[in-house]
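Note on naming: letters A, B, ... go to the chains in the order of the sequence lines (proteins, then strands), and numbering restarts at 1 for each one.
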Amino acid sequence: MSSLALYNTMTREISSFVPLKPGQASLYLCGATVQGSPHIGHIRSGLNFDILRRWLEKSGLEVTFIRNVTDIDDKILQKAAIEQIPWWALAAKYEREFSQSYAALNVAPPTYEPRATGHITQMVELMTLLIDKGLAYAPGNADVYMEVSKLDSYLSLSHQRVEDLQSAGDGAGSYKRSPHDFALWKGAKAGEPAWSTPWGSGRPGWHLECSAMIHTYLGEAFDIHGGGLDLIFPHHENEIAQSQGVGWPFANIWMHNAWVTAAGEKMGKSLGNSLQVKALLKKVRGIELRWYLGGAHYRSMMEFSQVALDDAVTSFRRIENFLNRSVEILGHQLVPTLSPDFVDAMNNDLAVPVVLAQISENMRIGNIAIAADDRGKIESSANEIRGALEVLGCDPFDPAFAKDGADLSPALDGVIGIALAQRQAARDRKDFAVSDEIRDGLADLGIAIEDTSQGPRWSFSPTEKW
RNA sequence: GGUGGAGUGGCCGAGAGGCGAGGCUCAGGACUGCAAAUCCUGCCACACGGGUUCAAAUCCCGUCUCCACCUCCA
């Protein structure tokens, strides 16, 4: 039996995961700055860490998972001005969109989801500690800066040297003692939202927020800190500087997810809105989008393409179809089961692509078992597939993916049954024109008919989406 | 300039010294009244040039191309 090993950006190797507190795991993921609609790149990050969280829980650990919301930021202020609504209204609007997107993809809500603006007090306390230790300074204009040269170590995560960094571009007139110093607190300009501090009124810098919230919810030391690759520098380096500066051990393991790219480039506003979650959900179901986004290894770049998404949808529907048939044949719901191979794959730094191969192989075995009417093998294959899908968050029987509204299946089943009886009568008298007419008519309504050795069965057919 | 990542079959996407992951597509076959579904078979790939080795997609050296970060970023 293997045990979980994860890649740590700090050490740049895969090493065994040993929780700080036996039986527990504490995770912090840098969440969204709610200044726009979520695109699939944002959601991939939440999704990758949702799979990690599910696996930790499945492994028997009690998980505390924090994902924050950055609800105050330069861009939020800019966009609020453009949309002519208060900054907090803009933040709330997009926070809700993020929540809806996470929910549509079955990304479970974190244990706690703190907003930056709710933790100003803790941020001021942290700044006070840093100033008292001589690591930060307030130049008198209501800004507060971290003095990078006073730190024992800096840039240990990105393995860079301060002198190799390109200049920050802070020209003359800056209040910074060094261009590499970073803002803990930004003094307010006229008309901007502000909170008062001993050094003047202003708002928090992005890095300070995470350090303060982590300390509030997870304490001085915790197991895993996650985020996108681009956060390594400066964001995570600066979190380390702030938190370790006051003596907190901070994160034990650093994990970073890779991008979703489009046209070979990092996703950005210039690519338009087509890759927003809400746009894609008009074309594919949430579970299908999740299957696609979650299928690549979290540390691999993903090049988005419609063809690849369509492929993923096709393969997922085959699996779904197999599970549905298995339930029909067995006459009872499947019991999610973990195979030893699956456990080994997940323990190896979440080797999801290997799991996908296992699912395919298991499905082949299961389909052969259906043809041979071997109920034992059908059940073991289907149970293991459902067990794997559950951890991946793609269990088709998960109520999270249930359709809204009344369940019409029994009525539909009856109505379609009548049509199928008519068709069978036509087939019995070899009147294939009529039988095909019935089948085609149902197909036009999105109902696919298959003739199996156990008789005809119906299902909702894939429709052309693009 | 500094720090990292990547180049795998028609497409997507794993692996990381030796038995050609898997998916999608396509072609052929079995089954079928015909379809669909399913199964079987085929399409034997690792940017380029050297090297190490009995053996290299995997290790080493060099080259080319692409991407990311370097104070807005998932």
Side-chain angles (χ1 to χ4, degrees), chain A residues 9 12 29-33 35 38-49 70 73-75 78 148 155 157-170 176 179-183 205-207 226-235 237-238 256-261 264-269 292 295-297 299-305 307-316 318-319 321-322 325 345 351-361 363-364 366-368 370-372 427 430-433 435-436 439-440 443 448-453 456-457 459 461:
Chain A
T9 307
R12 298 195 178 158
L29 172 64
C30 287
T33 298
Q35 49 96 4
H39 58 61
I40 53 176
H42 294 122
I43 287 301
R44 185 187 181 194
S45 181
L47 173 48
N48 285 152
F49 285 94
T70 296
D73 156 271
D74 288 344
K75 274 202 171 171
Q78 288 167 17
V148 167
L155 309 185
L157 184 62
S158 57
H159 299 254
Q160 298 178 98
R161 297 185 304 172
V162 175
E163 52 270 33
D164 287 336
L165 295 180
Q166 289 181 351
S167 172
D170 295 80
K176 289 183 181 181
H180 298 303
D181 292 349
F182 61 89
W206 177 37
H207 317 303
L229 265 181
D230 57 338
L231 299 188
I232 293 173
F233 182 88
H235 187 52
E237 293 287 12
N238 292 349
H256 293 94
N257 64 277
W259 306 114
V260 181
T261 58
E265 291 178 8
K266 181 176 172 177
M267 220 168 265
K269 292 299 287 179
Y292 170 64
H297 188 88
R299 286 192 283 118
S300 295
M301 294 286 181
M302 266 190 104
E303 169 74 10
F304 176 84
S305 78
V307 172
L309 177 55
D310 285 342
D311 288 354
V313 169
T314 302
S315 71
F316 183 74
R318 275 190 67 205
I319 296 165
N321 191 40
F322 167 71
R325 282 198 70 181
V352 173
V354 172
V355 170
L356 266 43
Q358 291 169 359
I359 289 172
S360 294
E361 175 61 16
M363 183 166 69
R364 194 178 63 82
N367 273 320
I368 291 170
I370 287 176
R427 294 179 75 202
K430 306 241 185 280
D431 188 348
F432 296 120
S435 76
D436 287 351
R439 184 173 61 195
D440 292 346
I449 303 303
E450 297 165 36
D451 293 317
T452 73
S453 54
R457 68 183 291 268
S459 60
S461 63

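- Where A/A312 and A/H235 meet RNA chain B, the nucleotide closest to each residue was compared, and A/A312 sits on the side nearer the 5' end.
- Between the CD1 atom of A/I319 and the C1' atom of B/C24 there is a distance of 12 Å, rounded to whole Å.
- For A/L356 and B/C12, the CG to P distance is 17 Å, given to the nearest whole Å.
- Using a 4.5 Å heavy-atom cutoff, the side chains of A/L155 and A/H180 are not in contact.
- Looking at A/E237, its side chain does come within 3.5 Å of a backbone N or O of A/S158 through a donor-acceptor pair.
- Taking atom C1' on both nucleotides, B/C31 is separated from B/U38 by 9 Å, rounded to a whole Å.
- OP1 and OP2 of B/G4 both lie 4.0 Å or more from every side-chain N or O belonging to A/S158.
- If you take atom P in B/A16 and the same atom in B/A57, they sit 15 Å apart, rounded to whole Å.
- B/C67 atom P lies 11 Å from atom CE of A/M301, rounded to whole Å.
- Closest approach to the A/Q160 side chain among B/U71, B/G2, B/C24 is made by B/G2 (side chain taken as heavy atoms from C-beta onward).
- Side-chain contact check for A/N321 versus A/R457: some heavy-atom pair is nearer than 4.5 Å.
- With distances taken from any side-chain atom of A/A357 to the nucleotides B/A21, B/U71, B/A68, the minimum falls on B/A21.
- Ring geometry for A/Y292 versus A/F304: interplanar angle over 60°, hence perpendicular rather than tilted (30 to 60°).
- In the set B/C72, B/G13, B/G4, the nucleotide with an atom closest to the side chain of A/A296 is B/G13.
- One interatomic measurement links the two molecules: CG of A/D164 to P of B/U3, which rounds to 6 Å at whole-angstrom precision.
- Heavy atoms of A/H297 sit under 4.0 angstrom from primed sugar atoms or phosphate atoms, though from no base atom.
- Using a 4.0 Å heavy-atom criterion, one finds that A/H159 contacts the sugar-phosphate atoms exclusively.
- B/C11 and B/U25 have their C1' atoms separated by 7 Å, given to the nearest Å.
- Residues passing the side chain to side chain contact (heavy atoms under 4.5 Å, CB included) test with A/V307 are A/S305, A/D311, sequence neighbours excluded.
- Taking NE2 of A/H297 as the start and CG of A/L356 as the end, the distance is 13.0 Å to the nearest 0.5 Å.
- The phosphate of B/C67 (OP1 or OP2) has no side-chain N or O of A/T261 nearer than 4.0 angstrom.
- Taking atom CG of A/L155 as the reference point, atom C1' of B/G4 lies 14 Å away to the nearest angstrom.
- Going from the P atom of B/U58 to that of B/A47 covers 8 Å, rounded to whole Å.
- Remark: the backbone N or O of A/A258 is paired with a side-chain donor or acceptor of A/R44 at under 3.5 angstrom.
- Counting only heavy atoms from C-beta on, A/F233 has its side chain closest to B/C70 among B/G13, B/C70, B/A74.
- One C1' atom belongs to B/G23, the other to B/U63, and the distance between them is 34 Å to the nearest Å.
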Tell me, what's RNA chain B's dot-bracket, Watson-Crick or G-U with both distances under 3.5 Å, | for other-strand, [ ] crossing?
-> (((((((..(((.....[...))).(((((.......)))))....(((((..]....))))))))))))....

Please report the C-alpha distance between A/M301 and A/L229 in whole Å, then the side-chain angles of each, then the deciding distance to 0.1 Å, and finally whether the side chain to side chain contact (heavy atoms under 4.5 Å, CB included) criterion is met.
-> CA-CA 10 Å; A/M301 294 286 181; A/L229 265 181; 3.9 Å; yes

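- With both ends at atom P, the span from B/C43 to B/G9 equals 16 Å, rounded to whole Å.
- The gap from the C1' atom of B/G13 to that of B/A6 amounts to 14 Å, rounded to the nearest Å.
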Under the side chain to side chain contact (heavy atoms under 4.5 Å, CB included) criterion, do A/T33 and A/K75 qualify, and how do the steps go?
-> CA-CA 9 Å; A/T33 298; A/K75 274 202 171 171; 5.7 Å; no

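- Nucleotide B/C67 holds its P atom 19 Å from the CE atom of A/M302, rounded to whole Å.
- Under the 4.5 Å side-chain criterion, counting only non-hydrogen atoms from C-beta, A/S459 is in contact with A/E450.
- Residues A/I40 and A/M302 are not in side-chain contact: their nearest non-hydrogen atoms beyond the backbone lie 4.5 Å or more apart.
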In B/S/- notation (B base, S sugar-phosphate only, - none; protein heavy atoms under 4.0 Å), nucleotides 25-41 of chain B written 5' to 3' is S-------BBBBSSSS-

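- Rounded to whole Å, atom P of B/A6 lies 16 Å from atom CH2 of A/W259.
- We find that CG of A/L309 is positioned 12 Å from P of B/G13, with the value rounded to whole Å.
- The gap from the C1' atom of B/A56 to that of B/C69 amounts to 32 Å, rounded to the nearest Å.
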